[in-house]
Amino acid sequence: MGSLRRSHTCGAVSTADVGSEVIVVGWVQRRRDHGGVIFIDLRDHQGLVQVVFRPEESAESHERAGEIRSEYVILARGIVQRRTPDTVNPKMATGEIEVVAQEVRLLNRATPPPFPMEDNPDVDESTRMRYRIHDLRRAPLQRNLRIRHELYQAARRILCGRDFLEIETPMLAKSTPEGARDFLVPSRLQPGEFYALPQSPQLMKQLLMVAGFDRYFQIVRCFRDEDQRADRQLEFTQIDLEMSFVGVEDVLDVLEELTVGVFAEVIGVEIQRPFARISYADAMARFGSDRPDTRIQLELVDLSEAFRESGFRAFRAVVDAGGIVKCLPIHDAQELGRGAVDRLEKFVKKELGAKGLAWIRVGEDGSWQSPIVKFFSDAERAAITQQTDARPGSLLFFQADQADRANGVLSRLRTDLGRQLGRVDDRPWDVLFVVDFPVFQREEDGGLTYVHQPFVAPVEEDIPLLATEPEKVRGTHYDVVVNGVELGSGSLRNHSSDVQRRILEVMGYSKEEAESRFGFLFNALDAGAPPHGGFAFGLDRWVMVLANVDNLRDVIAFPKTQRGQDLLMDAPTVVEPEQLEELQLRLAPPSKRGG
RNA sequence: GGGGCGGUAGUUCAAUUGGUUAGAGCACCGGCCUGUCACGCCGGAAGUUGCGGGUUCGAGUCCCGUCCGCCCCGCCA
């Protein structure tokens with residue numbers, strides 16, 4: 001660069017600079033060489049500007065510009081000139097001007113890019129990830145990571161304004177019972193022992209409350225060694241917070257303020273307070289999901305009662321076995337022909353594990369076409385008509401199964417078909433609290449387990465039910481859901497070691513087990529734990545929502561593939577035998593295919 | 001662990017029923033071009049058809065195995 005320094009970022013050069021000299025630096029987006037005159041679109045983190053090289057302005061620069069290729073790094077010094085009306089480019093933010101080069105300096109050459117640095121290059125995911133540097137040069141990813149940055153800053157500003165203290169907790173930690181598989185880190189100093197990377201700082205933030213910090217937050221990396229999805233990575237970031245001497249409403253108040261503030265500061269969107277609230281039971285009943293997008297104007301109907309005494313064995317048996325019969329009615333569904341229904345049936349059976357997809361179509365004359373309706377009594381038909389509001393043009397989909405699977409299948413159909421058929425209201429943002437989760441749920445083997453995590457405090461008046469009807473115990477848990485994406489969840493925690501012990505007991509922990517695993521927690525609570533509660537936002541998912549993208553990889557600088565690999569750095573890899581030696585580790589022979 | 005889709009040039013795709021030397025756009029390289037902005041024109045180079053095996057006179061194409069990417073179920077909040 002010599003002594004020359006940037007005077008303007010590329011996108012910042014404007015008509016106000018016409019006639020003055022500017023120095024711009026960046027990467028060559030594209031070169032158009034007309035022999036006599038050469039145009040270069042120069043790109044930096046912030047925009048594009050056209051630089052013109054004319055032999056009569058600077059023969060040397062023109063000569064050098066001929067050598068320049070895509071993605072070369074250059075510095076150009078020149079005079080800003082207003083373009084003639086016929087050469088203005090209305091598609092470009094800086095399209096009214098151009099920089100007439102007086103001098104160009106080649107700062108670095110570049111290998112040809114593996115794909116064009118365009119907004120939508122139509123490239124395979126693995127290619128994008130192997131060439132992540134090039135991928136990150138593209139404007140959409142630059143924008144997404146900028147949104148991510150704004151979210152960090154907004155969250156910090158807002159929480160600091162509410163007297164939250166940012167405190168770090170260890171990455172080399174101990175396994176905590178979030179329920180996911182831990183990432184383990186072998187200890188050299190304690191051979192044969194392992195740290196666990198935190199699945200969340202849950203217990204540590206509770207300890208901070210006991211220690212009297214009153215309000216804590218942290219933007220913190222978390223690790224869960226489970227199979228990945230479009231919205232799940234092995235490592236992800238939480239905006240974690242916890243408060244002392246609060247009830248549910250106090251926490252929700254902070255969550256509303258934080259959410260509203262972030263939307264306003266990061267993308268300039270005004271979200272109305274208070275947020276809509278829906279109970280877990282309502283959400284499951286009406287939408288089949290605990291994170292519904294309520295803009296989709298389709299709702300489920302529970303017909304279990306209508307089939308409790310049914311002669312239709314397929315439904316009756318499910319109800320007898322404790323399952324449910326549920327229906328997704330879609331009115332004016334003429335658009336969905338027989339072929340579409342067949343495809344849906346194939347889809348739910350193969351991909352969602354449904355047993356089948358029963359359906360009833362109501363013809364224009366009111367007649368029912370359906371493979372199952374011949375088994376129904378008049379009373380059952382009447383109940384269906386009444387509860388689903390079936391009418392000519394309606395198409396009813398049924399699932400008879402255990403509640404979670406039936407709801408899962410119909411919930412998926414609801415969102416897919418709702419979007420496909422345009423049954424969506426016009427609100428761009430659907431923000432809600434989901435509340436009133438139960439503390440426990442029944443496992444397949446009949447035992448009880450926690451719905452979220454084992455430290456959720458029960459609603460106070462339900463504590464006596466722990467001894468008698470634990471399944472009815474309501475928790476203080478709450479979720480924030482935006483546009484059908486669960487942004488995060490939280491609860492009040494048990495600050496009484498007695499209640500905490502009883503909950504672990506209901507979940508089947510013996511006194512000894514509970515003591516050995518959670519003794520330090522009991523001790524901490526007994527050291528004078530204040531009532532406390534908190535929340536954790538999934539930061540990556542929040543960026544997804546703010547940036548309006550549907551994949552976490554587009555909001556993380558260096559994401560991993562579905563199989564957990566980093567294709568850029570090529571991790572994970574084998575390590576040197578000496579490293580294993582030092583850790584006193586030996587690899588077992590491969591267990592697959594008999595080694 | 002399971003289901004679905006995919007893997008051919010740097011890249012995005014094509015290749016009839018299994019049949020000639022695996023083609024095209026963009027990118028790349030060379031040449032020409034003074035107002036383009038997806039510049040244009042002419043020419044060129046570029047391939048272990050993911051990998052391994054099999055069937056066949058002959059395999060990108062059929063069979064078996066395996067690896068990789070994406071989406072989903074299980075798993076995970």
Side-chain angles (χ1 to χ4, degrees), chain A residues 29-42 48-57 62 66 69-71 81 83-92 94-95 98 100 111-118 120-131 134 178-182 199-200 202 222-234 236 238 290-291 343 346-354 404-405 408-409 412 416 434 437 444 450-453 456 477 479-481 485-491 536-538 541 550-551 553 560-563 565 567 592-593:
Chain A
Q29 177 85 359
R30 192 166 264 121
R31 181 186 62 131
R32 291 177 295 279
D33 186 343
H34 289 238
V37 62
I38 296 173
F39 302 97
I40 280 177
D41 292 336
L42 192 64
L48 276 177
V49 69
Q50 175 166 282
V51 183
V52 191
F53 296 85
R54 280 196 283 252
E56 61 270 27
E57 293 284 344
H62 178 264
R69 296 293 180 267
S70 289
E71 298 306 308
Q81 177 179 291
R83 297 199 199 180
T84 60
D86 57 313
T87 60
V88 163
N89 183 352
K91 285 185 280 185
M92 229 174 151
T94 59
E98 61 198 359
V100 183
T111 48
F115 49 86
M117 303 298 99
E118 293 164 356
N120 299 299
D122 184 27
V123 185
D124 189 70
E125 280 275 342
S126 60
T127 306
R128 286 179 52 194
M129 286 211 271
R130 202 166 25 174
Y131 301 100
H134 292 92
E178 254 78 18
R181 199 174 290 116
D182 282 317
Q199 296 184 24
S200 80
Q202 178 62 38
C222 304
F223 305 85
R224 293 179 190 173
D225 188 5
E226 296 291 346
D227 287 357
Q228 309 193 74
R229 291 287 187 281
D231 62 351
R232 273 167 31 194
Q233 283 264 315
L234 296 178
F236 60 99
Q238 287 186 346
D290 62 357
R291 48 177 180 89
R343 280 193 295 278
K346 200 171 290 179
F347 167 73
V348 299
K349 281 167 79 173
K350 281 210 146 164
E351 297 207 34
L352 303 183
D404 52 352
R405 186 173 312 158
V409 170
R412 176 67 181 268
D416 286 2
V434 182
F437 286 84
E444 299 236 336
Y450 52 84
V451 173
H452 291 95
Q453 34 103 331
V456 174
H477 187 95
D479 280 357
V480 171
V481 174
V485 176
E486 184 199 310
L487 283 194
S489 56
S491 73
F537 283 96
R541 283 188 189 168
D550 54 16
N551 199 297
R553 290 185 301 273
K560 292 183 174 48
T561 69
Q562 195 157 52
R563 292 176 55 80
Q565 288 184 298
L567 295 183
K592 270 195 235 169
R593 302 182 301 277

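Letters go in sequence order (proteins before strands), and every chain restarts at 1. Because only heavy atoms are used, hydrogens play no part in the values below, and waters and symmetry mates are left out as well, while side chains stay in.
Between A/R232 and B/C71 there is no side-chain polar atom (N or O) within less than 4.0 angstrom of OP1 or OP2. Look at A/K91 and you'll find a side-chain N or O under 4.0 angstrom from OP1 or OP2 of B/A38. A/Q228 has no side-chain polar atom (N or O) that falls below the 4.0 Å cut-off from OP1 or OP2 of B/C76. One finds no side-chain N or O of A/R31 lying less than 4.0 angstrom from the OP1 or OP2 phosphate oxygen of B/C28. Regarding contacts with the backbone of B/A77, every side-chain N or O of A/S489 stays at 4.0 angstrom or more from both OP1 and OP2.
Summarising the base pairing, B/A24 is matched to B/U12 through a Watson-Crick or G-U wobble pair whose two defining distances lie under 3.5 Å. When both pairing distances are held under 3.5 Å, B/U61 makes no Watson-Crick or G-U pair with any nucleotide shown. Summarising the base pairing, B/A77 is matched to no nucleotide, lacking a Watson-Crick or G-U wobble pair whose two defining distances lie under 3.5 Å. Nucleotide B/U36 is matched to nothing when pairs are restricted to Watson-Crick or G-U wobble geometry with both distances under 3.5 angstrom.
In terms of modelled atom types and a separation under 3.5 Å, the side chain of A/T94 and the main chain of A/Q50 share no donor-acceptor contact. Looking at A/R31, its side chain never comes within 3.5 Å of a backbone N or O of A/I38 through a donor-acceptor pair.
Looking at the side chain of A/A230, the nearest of the listed nucleotides B/G69, B/A77, B/C72 is B/C72. Nearest to the side chain of A/R30, among B/C75, B/C39, B/A77, sits B/C39. The listed nucleotides are B/U34, B/C73, B/U36; the one nearest the side chain of A/R229 is B/C73. The nucleotide whose nearest atom lies closest to any side-chain atom of A/M129 is, among B/A77, B/G69, B/U36, B/G69. Nearest to the side chain of A/S70, among B/C28, B/U36, B/A77, sits B/C28. Set against B/C37, B/C70, B/C28, the side chain of A/T561 has B/C70 as its closest nucleotide.
Nucleic acid contact for A/T87: base, since at least one base atom lies under 4.0 Å from a heavy atom of the residue. Using a 4.0 Å heavy-atom distance criterion, A/N551 is classed as a sugar-phosphate-only contact. Within the nucleic acid shown, A/R563 comes within 4.0 Å of sugar-phosphate atoms alone, with no base atom in reach, counting heavy atoms only. Counting any heavy atom pair closer than 4.0 Å across all strands shown, A/Q233 reaches no nucleic acid atom. At a threshold of 4.0 angstrom between heavy atoms, the contacts of A/Q565 are confined to the sugar-phosphate backbone, with no base atom among them. No engagement by A/R128 is indicated, since no non-hydrogen atom pair under 4.0 Å with the nucleic acid exists. The residue A/D290 sits close to a base: some heavy atom pair falls under 4.0 Å.
Spacing between B/A27 and B/U66 at atom C1', rounded to whole Å, works out to 33 Å. For the P atoms, the distance from B/A9 to B/G50 is 8 Å, rounded to whole Å. Across B/C39 and B/A22, the matching C1' atoms stand 32 Å from one another, rounded to whole Å.
Of all the heavy atoms in A/Q29 and A/S70, the pair that sits closest is O-OG, 4.1 Å. Taking all atoms of both residues into account, the shortest heavy-atom contact from A/L42 to A/V51 is CB-CG2, 4.2 Å. A/M129 approaches A/L567 most closely through the heavy-atom pair CB-CD1, 4.1 Å.
Evaluation of atom-type donor-acceptor distances gives no pair under 3.5 Å for the side chain of A/R224 against the base of B/C76. Side-chain atoms of A/E351 and base atoms of B/G4 include no donor and acceptor less than 3.5 Å apart. Remark: the A/R32 side chain and the B/U34 base include no donor-acceptor N/O pair separated by less than 3.5 Å. A donor N or O paired with an acceptor N or O is not found under 3.5 Å between the base of B/G74 and the side-chain atoms of A/R405.
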(message) Could you go through A/R232 and A/D227, starting from their C-alpha distance and side-chain angles, then the distance that decides it, and tell me whether this counts as salt bridge (charged side-chain N to carboxylate O under 4.0 Å, His left out)?
(response) CA-CA 8 Å; A/R232 273 167 31 194; A/D227 287 357; over 6 Å; no

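Ring geometry, A/H477 versus A/H452: the interplanar angle falls under 30°, so the pair is classed parallel (tilted spans 30 to 60°).
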Please tabulate, one pair per line, each protein N/O and nucleotide N/O from nucleotides 8-13 of chain B that are separated by under 3.5 Å, including the distance.
unit_1	atom_1	unit_2	atom_2	d
B/U11	O4'	A/P114	O	3.3
B/U12	OP1	A/D124	N	2.7

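Stacking of the aromatic ring of A/H34 onto the base of B/C39 is found: the ring centres lie under 5.5 Å apart and the planes are inclined by under 30°.
The distance from atom CZ of A/F39 to atom NE2 of A/H34, rounded to the nearest 0.5 Å, is 5.0 Å.
The environment of A/R541 atom CZ is dense: over 12 non-hydrogen atoms of other residues, nucleotides or ligands sit within 6.0 angstrom.
Distance CZ (A/R553) to P (B/C71): 4 Å, rounded to an integer number of Å.
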